Amino acid sequence: MARPEGRGDPTAGASDRDADAGTDESFFAPVKGSLAAIIGLSVLGAVSSVVPFIAIVELARTLLPALSGDAVGAGRVWAVVAVAVIALFVSFGAAFLSGMVSHFADAELQLSLRRRIIRHLQRLPLGWFDARSSGSVRKLVENDVVALHQLVAHTIHDVIFAVTVPLVSLVYLFTVQWQLAVAALVPLVVTAILYPVLMRGGAEKYRQYDEASVRLSGATVEFVHGITVVKRFGQLGRSHRRYREATKSYVEFVGEWTRQTAAMFTLIEIVTSPVVVLVWLLAVGSWLVGIGAAAPIDVLPGLLLGLGLTSPLMKLGSSSQFLRNATKARQSLAAFFALPPVPRPRAPRTPDGRGVAFDEVSFGYDGRHRVLHEIAAVCAPGTVTALVGASGSGKSTLAKLLPRFYDADEGEVAIGGADVREIASAALYRQVGFVFQDVRLLRTSLRDNIRLTRPHATDDEVEAAARAAQIHDRILRFDRGYDAVVGEDANLSGGEAQRVTIARALLADARVIVLDEATAFADPDSEAAIQRALSTLAADRTVLVIAHRLHTIVGADQILVLDGGRIAERGTHAQLVAAGGRFARMWADYQANHARSLPEGVQG
Amino acid sequence: MIRRLLHYSSPRARRLLITELVFIVATAVLQGVAFLMLVPLLRALFLADMAAVEPWLLALAAVGAVYTAAYWFAGQIGMKASTALLDSLLTRLGDRLVELPVAWFGPDRSGMVTGIAIQGAMFVSTTPYSILRLILTGFITPGTVLVGMYAFDWRLAVAMTVMVPVMALVYRWLRAGIARGDAAHSAAVADASNRVIEFARAQPALRTAGDGSIADRLVDEALHRQHRAYKGMLITGGAGIASFTGVVQLSLTVILVLGAYLAVGGSVDPATLIALLVLGVRFNEPIVGAGDLGGGISLARTTLDQLDGLAALKALPEPARPATPRDWGVEFRNVSFGYGGAPVLRNLSFTAPSRRMTAIVGPSGSGKTTITRLIARFYDPEAGTVSIGGVPVPELGTAVVEAAVSPVFQDVYLFDDTILNNVWIGNPELGREEVIAAAARARVDEIAERLPGGWDARVGEGGSKLSGGERQRVSIARALLKDAPIVLLDEATAALDIGNEIAIGAAVDAVRAERTLVVVAHRLQTIMTADQIIMLDGAGGIRESGTHTELLAAGGAYAHYWHERVGAAGWQLAPPA
């Protein structure tokens with residue numbers, strides 16, 4: 001019976017593999033060494049699995065004279081039994097060993113792929129991580145790598161068995177008794193004719209099945225995520241109904257699909273079932289004996305081996321769903337590895353000083369729609385430059401060009417006179433640090449989290465950074481202090497985690513800092529502490545800050561007002577307010593709003 | 001396994017499943033019978049006694065015909081059964097989700113639930129036909145043949161029978177070994193994946209660290225642990241499968257050797273022996289196959305375990321007849337509560353009177369949000385009582401509480417619908433203009449202006465086209481629309497943008513005179529103007545409580561907190577020179 005999960009396709013595996021074997025070269029390199037062993041052992045296992053059957057035929061030839069009262073050659077009997085037993089264990093041993101070798105090869109492949117993913121992650125532009133949820137990385141390392149398992153650990157063995165066993169059997173059968181050999185071929189031929197009928201439109205159906213799954217998945221996610229909302233507003237029935245509708249149409253689709261294919265699938269299963277093949281072969285065999293075309297003993301090989309022709313093929317068929325997944329996984333891994341890494345400079349330059357310059361910089365995420373247009377600005381060493389503008393004005397994008405989350409399409413971004421693209425990665429990040437809104441701590445000790453970017457920093461240096469970032473006292477409150485592990489015995493609030501990242505940036509001691517000032521407001525309870533930490537971080541450095549609260553940057557050395565990806569105004573706070581332009585209006589609005597959000601008598 | 005499948009079946013699916021199983025057992029027995037008939041048939045054939053061959057052949061053909069019919073029905077009914085089972089599983093899942101307490105639905109639940117809905121349910125529904133059938137056949141057919149063998153040669157039959165308990169023991173051992181290795185491996189895989197994801201997320205910071213950093217070491221160690229666990233699983237699993245297959249092969253060897261011994265001694269009929277050997281070598285395959293399939297069953301078992309886990313979750317107790325609250329004031333009396341671990345609230349008592357605003361302040365993790373969740377009855381306290389209008393919440397029942405409480409919490413979910421409809425959920429009874437008016441009070445109109453399509457613009461899956469602050473405005477608008485007597489407001493993320501602060505301020509002003517308002521407060525304006533401030537101590541209790549003026553005059557912890565916050569509000573990254 002056909003099921004989306006259990007459907008067989010004996011031919012798909014082999015052809016899929018051949019079709020794009022060439023592109024897998026580097027993929028499967030780690031298992032190449034094991035390939036010969038897997039193939040050799042599989043062939044040995046497959047061939048020797050046929051031997052016990054032939055031995056029984058020989059045993060019969062030796063024993064049957066006893067039926068007519070003749071003497072039995074005991075020596076020959078024992079020799080045949082010995083061959084059969086040895087063959088049994090050789091076959092089983094070889095199959096087992098090939099399974100072990102291929103599974104261990106799979107283990108190596110998984111390790112090498114995960115390491116390759118790691119290496120590639122290290123080389124991708126940082127912007128890639130902006131756009132991707134962790135879901136796609138999880139899919140790569142969890143699902144895709146594991147999905148290749150079937151390909152490496154099972155398919156080679158299964159294909160060799162599915163080809164070798166029938167081949168050896170048929171060769172033997174044709175040498176012994178060709179008419180019965182032909183009869184043994186019949187179920188195979190019938191299957192070969194029926195299968196294409198069964199699989200007609202299969203690809204289209206699979207596509208529809210995937211779509212139906214996606215719809216159900218969407219409805220389920222919405223049901224689960226939205227349940228708190230709908231319960232609160234008495235809308236549970238509506239949401240439940242939507243889920244029920246989605247499951248109903250999914251079940252209907254699956255039901256319809258199985259109904260369409262079930263008859264044909266069951267028919268194929270029946271034609272290849274041992275009982276039907278047995279009746280067929282015995283009928284033909286008896287007929288051949290009856291008309292004198294075959295000796296009774298010659299029916300035996302056909303019977304023994306004819307029964308075993310289809311089962312390896314059927315086994316191969318049942319794994320086609322896994323193969324389909326493996327093929328998809330391979331494509332998605334290949335697509336990931338094909339993502340271009342950050343281009344490295346051929347002749348790296350060393351920045352001279354810590355001034356920052358944007359020289360006619362233009363940029364667009366997709367290379368076509370510009371979000372930044374001809375930005376030109378200079379940040380003198382040790383000064384504070386604030387970026388302000390509405391959301392979507394390009395201020396975050398501009399700030400991210402400096403640490404190379406993205407590279408400019410036109411113009412150049414330079415630090416100390418050197419284009420950031422021409423500075424070696426390590427040197428660039430020694431020079432440029434950043435503290436953004438999303439805080440990522442690793443599940444390791446607080447000490448290692450702080451010295452993440454300077455692994456050889458001493459404990460004293462770590463502690464000094466933590467003190468400056470206002471987090472030292474909090475860390476000491478954990479039983480294990482700096483050795484407390486994030487997520488295990490160190491559970492930090494958003495603001496506390498923020499201060500750990502500020503400590504990290506302080507320890508790294510980059511001379512140019514890119515800041516998202518909104519970080520100060522992630523956790524109102526640690527607001528004051530974060531602010532003190534940020535003030536320490538900003539001191540004596542060249543600072544580029546994305547400013548949300550205009551009063552915090554009143555004293556900035558320059559303010560760049562962005563609008564639609566262009567610098568609309570620039571100057572100091574006083575100059576811009578006096579000019580009475582866009583910034584002056586923003587400031588007036590801001591002051592009105594800010595005052596409303598503060599208690600009376602508090603100066604904003 | 002079968003019992004568990006039936007447990008999750010609708011009556012129709014149960015009927016179909018049982019019928020399917022009956023037909024599967026019938027085909028397995030018939031297959032065994034057909035194999036047994038091979039013995040007299042081959043015997044007659046070897047003796048070239050064609051007169052005896054013919055009736056046996058006809059009988060075999062007859063058994064084959066019945067077998068074919070049974071097979072056909074097993075397939076056709078099995079198809080209906082699996083579709084019905086799939087439907088039952090998805091229905092049960094949905095019905096159960098509706099009953100579960102809101103508290104269960106954390107952010108990480110959707111992965112598990114969609115896992116059940118998409119892969120799990122499908123896998124379980126195909127289990128009876130694609131796995132159970134093969135396992136049943138793997139045991140029933142050889143069993144039938146074994147019983148029948150006694151009729152032909154008891155000595156060989158006894159030899160086979162002796163092997164059965166050995167096989168059963170090894171089979172159990174095999175399954176236990178695979179399960180153990182599997183569990184260790186799954187844990188290592190989860191750990192390694194988490195490390196890789198962590199590594200990806202931390203990339204911006206790690207670029208500064210260069211190669212060979214602490215993070216490289218962590219991820220490398222996790223990958224190697226996973227590699228070792230995988231190899232460990234292969235060795236235990238491989239040893240199990242090898243032993244099982246080995247025992248099966250050994251039993252064949254026993255018949256071969258014993259049969260040969262008997263044949264050489266002339267005490268067994270060679271034709272019968274050959275026929276029995278044919279049975280032996282050809283039909284041990286289903287048993288070996290059944291050994292391979294043990295792993296498939298355990299996959300289905302995982303999904304059923306998850307469903308059992310859902311079924312075992314206790315819903316909150318509900319009263320037979322809900323009591324009526326005196327008013328809408330909230331009272332905590334000696335309340336203790338924790339999320340399974342250390343208590344978050346210890347012996348906490350306070351009152352949030354009707355038509356008054358109560359502000360809760362305190363350090364992170366001191367239980368501010370927990371208090372609002374207890375009022376909304378996400379949970380019941382472990383000790384003490386939470387009452388509304390003098391009635392303990394369990395006597396009011398979840399439905400009454402849900403209707404009485406309007407929450408504005410941090411986790412806001414938006415449906416993939418228009419922005420207006422997302423607000424409308426708050427009160428479907430109202431007309432479009434009224435909804436728009438309420439939405440405008442929460443400044444949702446600014447969002448509608450920004451989006452192409454205005455009020456009828458779709459918000460994307462989960463509200464992806466809106467920022468965190470904008471989503472919260474929608475949540476405020478919903479709460480304003482619902483117009484419930486108790487309003488719970490969590491200001492935590494509101495401070496991120498000025499527009500939101502104003503929206504929250506408007507919401508507070510709109511409801512504070514008429515409602516019981518409990519605010520997890522961050523805005524200085526909110527805190528200062530509250531009728532009552534409760535400052536938590538971070539150890540599960542209350543540090544200070546009173547009005548702003550009283551607490552400020554007392555010069556204690558609150559006064560310190562207040563001065564620090566006021567200082568922060570005036571902070572400047574780049575102060576004027």
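Lettering follows sequence order; numbering is per chain, from 1. Quantities reported herein were computed from a predicted structural model and do not represent experimental measurements.
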Contact winner vs chain A - [options], heavy-atom pairs under 4.5 Å:
| options | value |
| --- | --- |
| B:G505, B:G259, B:A260 | B:A260 |
| B:S406, B:P428, B:A48, B:S475 | B:P428 |
| B:V257, B:V53, B:T27 | B:V257 |

Heavy-atom distances under 4.5 Å only: say whether [X] touches chain A with side chain, backbone, both or neither.
| X | answer |
| --- | --- |
| B:Y230 | side chain |
| B:Y67 | side chain |
| B:A376 | both |
| B:N427 | neither |
| B:V219 | side chain |
| B:D416 | both |
| B:L42 | side chain |
| B:L41 | side chain |
| B:V113 | both |
| B:T91 | both |
| B:E54 | neither |
| B:L273 | side chain |
| B:L97 | both |
| B:L218 | side chain |

At what distance, to the nearest 0.5 angstrom, does [atom1] of [X] lie from [atom2] of [Y]?
| X | Y | atom1 | atom2 | answer |
| --- | --- | --- | --- | --- |
| B:I214 | A:D448 | CD1 | CG | 4.0 Å |
| A:L64 | B:I274 | CG | CD1 | 6.0 Å |
| A:Q110 | B:H227 | CD | NE2 | 9.5 Å |
| A:I553 | B:Q572 | CD1 | CD | 9.5 Å |
| A:T444 | B:R195 | OG1 | CZ | 6.5 Å |
| A:Y429 | B:R207 | OH | CZ | 6.0 Å |

List the atom of [X], the atom of [Y], and the distance in Å for their closest heavy-atom pair.
| X | Y | answer |
| --- | --- | --- |
| B:G64 | A:V279 | CA-CG2, 4.5 Å |
| A:A262 | B:M79 | CB-SD, 3.4 Å |
| B:P204 | A:F434 | O-CZ, 3.2 Å |
| B:F35 | A:P274 | CZ-CB, 3.9 Å |
| A:A556 | B:A574 | N-CB, 3.5 Å |
| A:S535 | B:W571 | OG-NE1, 2.9 Å |

[X], part contacting chain B, at a heavy-atom distance under 4.5 Å:
| X | value |
| --- | --- |
| A:H103 | both |
| A:D106 | both |
| A:V554 | both |
| A:L452 | both |
| A:V545 | side chain |
| A:A538 | side chain |
| A:A263 | both |
| A:F104 | both |
| A:R504 | side chain |
| A:V221 | both |
| A:E222 | both |
| A:L300 | side chain |

Report yes if some heavy atom in the side chain of [X] is under 4.5 Å from a heavy atom in the side chain of [Y]; otherwise report no.
| X | Y | result |
| --- | --- | --- |
| A:L126 | B:Q203 | yes |
| B:L573 | A:L515 | yes |
| B:V98 | A:F223 | yes |
| A:L216 | B:T114 | no |
| A:Y250 | B:M122 | yes |
| B:K231 | A:E108 | yes |
| A:T247 | B:L93 | no |
| A:W78 | B:V264 | yes |

- Test salt bridge (charged side-chain N to carboxylate O under 4.0 Å, His left out) applied to B:D216 and A:R115, step by step: CA-CA 10 Å; B:D216 287 5; A:R115 289 182 138 172; over 6 Å; no
Is a side-chain N or O of [X] found less than 3.5 angstrom from the main chain of [Y], in a donor-acceptor match?
| X | Y | result |
| --- | --- | --- |
| B:E198 | A:R443 | yes |
| A:Y243 | B:L90 | yes |
| B:H224 | A:L111 | no |

Shorter than 4.5 Å, heavy atoms on both sides: which option in [options] has the most such pairs with chain B?
| options | result |
| --- | --- |
| A:V77, A:V81, A:V276, A:I227 | A:I227 |
| A:G290, A:S273, A:A508, A:A84 | A:S273 |
| A:I270, A:V85, A:L63 | A:I270 |
| A:S286, A:A74, A:A219, A:G285 | A:S286 |
| A:V384, A:N449, A:I117, A:I118 | A:I118 |

- Message: I'd like to know if B:D220 and A:R114 make a salt bridge, using a cut-off of under 4.0 Å between side-chain N and carboxylate O.
- Response: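 No salt bridge links B:D220 with A:R114.
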- Query: Does a salt bridge link A:K248 with B:D87, judged by any charged N lying under 4.0 Å from a carboxylate O?
  - Reply: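 The answer is no: the pair does not qualify as a salt bridge.
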